[in-house]
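Taking it in order: structure first as structure tokens, then the write-up.
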Amino acid sequence: MPHLNLESFKPLSLPMQCGDVEFLFQADYQNPKEGSLIATRYRGREFFLVYKNTGHKMLLKSDKITRPSPNFLIKHALLAYAECSGSPILDSNVDNAPENTHLKSHEALKSISFFAENFPREREVRIEIGFGSARHLLHQAAANPDILFIGLEIHKPSIEQALKQIVIQNLENVMILDYDARLFLEFVPSNIVGKIYVHFPVPWDKKPHRRVISEAFLKESERALKVGGTLELRTDSENYYRFALETFSTPAKSRFDVRKNQDIAISSKYEDRWKRLEKNIYDVTFTCEAESPDPDIGGSFTFSSAKIDTAVIDRLSKDTHKRDWGFLHVERLFSVGEEGRMIRLAMGSFDRPESTYVVIENGSARYYPALPVRSNANLKAHILLDELIHG
């Protein structure tokens, strides 16, 4: 992750514009000596830079929750802050190289709000989860120009490489999203997806709850798939293969096929490696056999109009509030200026949690930098949060 180690940290008088980067406000940890978060806007993207006092150095980096893609945005913002604040740089992994010309035009990179507000419905959709090198995703897109391919990935270098290749190959039927696939499927309309590819996911043998494949994921996939559409798992992990067999067998009625060591049109670099090591490759393919109704997600993320007392915020319990629909957990509190506060939250369903921030200023609350994903569990977590912060 891009970062700077500073000799000293010199805060700015906010809000301030430094060249083409805006620094909007600062949120301090409860112990101010520990560090701060600096709200940043660059090229229409809002995110936090994080300052941490490590004891012998002052670390400046990007916040994981709000981190944007491509990495050039972070690098440019870090250097802009150091320059404008006059904070001497001791060392860093950030260079002054100009933006990659192939990444200047990255219309293929979308936000979750793009899909939540107006999911593309004009043509068949295929989704690849964890596309890695994007070799398979780009091959399929080039071979099927009339189909929209959506690739999900959270590894930033893989995203940048995919965006670069999309521009080089002039592909106009690919969209890229930096997002958790377990949350994303809830926003896909019913009966429009032809294929969902999950190729060589992380096995998570010691933490199976973190696997992409689960009963909840299968249920959402079946709803999103059109009749005859498929969910395709390809893995070298025998544990994951057996886990998928068990999971795909849970519905009262299901149809799936199993294959072993079958070649496909294009293989990933990981698959090439496993084949050289003579590892077995397993395919488990689930086929949708029935249409599904559209999901019914009602409600909003609007907070009550009653004035919020910051004393109530300071007394918020750090305990996890568990309910049958999921949970709400206040992870950390911050101060914003003399009177404001900010909360870092984990919320939603247990198997698909989301992290976000809520800023409280002048007695009113707002999510930052964007609203949570519009899922049933998140909407219920919001109602609970609204009750808690209003005492």
Side-chain angles (χ1 to χ4, degrees), residues 9-17 22-41 45-54 58-67 77 81 85 113 299-323 325-348 353-375 377-391:
F9 177 77
K10 299 179 180 180
L12 296 171
S13 178
L14 303 178
M16 177 179 288
Q17 177 126 7
E22 296 175 77
F23 299 106
L24 307 173
F25 65 89
Q26 181 170 307
D28 298 316
Y29 290 95
Q30 286 182 302
N31 178 1
K33 294 182 179 180
E34 197 175 344
S36 306
L37 274 64
I38 303 113
T40 304
R41 182 189 294 132
R45 304 288 296 278
E46 292 193 27
F47 52 95
F48 280 121
L49 297 183
V50 180
Y51 150 66
K52 283 193 174 182
N53 186 343
T54 64
M58 309 301 172
L59 176 66
L60 190 65
K61 62 178 184 176
S62 172
D63 166 58
K64 289 183 179 180
I65 294 174
T66 61
R67 182 173 59 188
Y81 190 94
S85 65
S113 60
S300 74
F301 289 107
T302 303
F303 287 97
S304 302
S305 58
K307 189 176 179 65
I308 301 170
D309 185 349
T310 54
V312 173
I313 304 300
D314 293 336
R315 293 194 300 268
L316 283 177
S317 170
K318 301 288 181 64
D319 294 336
T320 300
H321 302 272
K322 297 181 180 179
R323 300 292 188 271
W325 45 261
F327 76 103
L328 175 71
H329 176 57
V330 176
E331 294 183 327
R332 197 151 199 171
L333 298 177
F334 302 82
S335 297
V336 179
E338 293 185 4
E339 301 293 336
R341 298 290 186 272
M342 188 171 76
I343 307 168
R344 189 178 74 196
L345 297 170
M347 62 193 294
E354 181 172 1
S355 295
T356 188
Y357 293 96
V358 175
V359 177
I360 297 98
E361 289 182 300
N362 301 317
S364 299
R366 60 187 172 92
Y367 288 99
Y368 185 86
L371 296 177
V373 176
R374 190 181 173 78
S375 68
N378 284 351
L379 287 164
K380 291 176 181 177
H382 167 76
I383 293 172
L384 175 57
L385 173 65
D386 195 39
E387 295 171 354
L388 292 174
I389 66 176
H390 283 91

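Atoms considered below: every heavy atom in the structure, side chains included; atoms not considered: hydrogens, waters and symmetry mates.
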Could you tell me if the ring centre of Y51 sits under 6.0 Å from that of Y29?
no

Counting N and O atoms only, with roles assigned by atom type, does the side chain of T320 sit under 3.5 Å from a partner on the main chain of K322, one being a donor and the other an acceptor?
no

Which atom names give the shortest non-hydrogen contact between R344 and I65, and what distance separates them?
CD-CD1, 3.7 Å

Measure across F301 and P372 and return the closest heavy-atom pair with its distance rounded to 0.1 Å.
CE1-O, 3.5 Å

Do S317 and D319 have a side chain donor and acceptor closer than 3.5 Å?
yes

Do L388 and L328 touch side chain to side chain, with heavy atoms closer than 4.5 Å?
yes

For the student: nearest non-hydrogen atoms of G348 and A381, plus distance:
N-CB, 4.1 Å

Please find the pair of heavy atoms, one from I389 and one from V312, that lie closest to each other, and give the distance.
O-CG1, 3.6 Å

Do the two ring centres, one from F25 and one from Y368, sit under 6.0 Å apart?
yes

I'd like to know if the side chain of D28 pairs up with that of S36 as donor and acceptor (distance under 3.5 Å, no hydrogens or angles considered).
yes

Would H390 and F303 satisfy ring-ring contact (aromatic ring centres under 6.0 Å, His included), going step by step from the backbone distance to the final call?
CA-CA 10 Å; H390 283 91; F303 287 97; 7.3 Å; no

May I ask you to test the L316-I343 pair for a side-chain heavy-atom distance under 4.5 Å?
yes

What is the distance from atom CZ of F48 to atom CD of Q26, rounded to the nearest 0.5 Å?
10.5 Å

Working to the nearest 0.5 angstrom, can you tell me the gap between L37 CG and S62 OG?
9.5 Å

Quick check for you: to the nearest 0.5 Å, what is the distance between L333 atom CG and R341 atom CZ?
8.5 Å

Hey, could you give me the CZ/CG distance between F327 and L345, rounded to the nearest 0.5 Å?
9.5 Å

Got a second to check how far L14's CG is from I38's CD1, nearest 0.5 Å?
8.0 Å

Is T40 close to E46 at the side-chain level, that is, under 4.5 Å between some pair of heavy atoms?
no

Please report whether the ring centroid of Y367 lies less than 6.0 Å from that of Y357.
no

When you measure from the side chain of H321 to the backbone N and O of L384, does any donor-acceptor pair fall under 3.5 Å?
no

If we ignore hydrogens and angles and just use 3.5 Å, is the side chain of R374 paired with the main-chain N or O of G299 as donor and acceptor?
yes

More than 12 heavy atoms of other residues, nucleotides or ligands under 6.0 Å from NZ of K64: yes or no?
no

Note, F47 side chain near D63 side chain (heavy atom, < 4.5 Å):
no

What I want to find out is whether R366 reaches E361 closely enough, with some N-O distance under 4.0 Å, to be called a salt bridge.
yes

Okay, side chain of N31, backbone of K33: is any donor-acceptor separation there less than 3.5 Å?
yes

State whether a side-chain donor-acceptor pair under 3.5 Å links N53 with E34.
no

For A346, does its backbone N or O pair with a side-chain atom of S355 as donor and acceptor, under 3.5 Å?
no

Minimum heavy-atom distance V330-K318, with the two atoms named:
O-CD, 3.3 Å

Would the number of heavy atoms belonging to other residues, nucleotides or ligands and lying under 6.0 Å from CD of E339 be above 12?
no

How long is the straight-line distance from CD1 of I360 back to CG of D314, given to the nearest 0.5 Å?
9.5 Å

Can you check whether N378's main-chain N or O pairs, donor with acceptor, with S375's side chain at less than 3.5 Å?
yes

Looking only at atom types and distance, does a side-chain atom of D386 sit under 3.5 Å from a main-chain N or O of S304, one as donor and one as acceptor?
yes

L49 versus A77, closest heavy-atom pair with distance
CD1-O, 3.9 Å

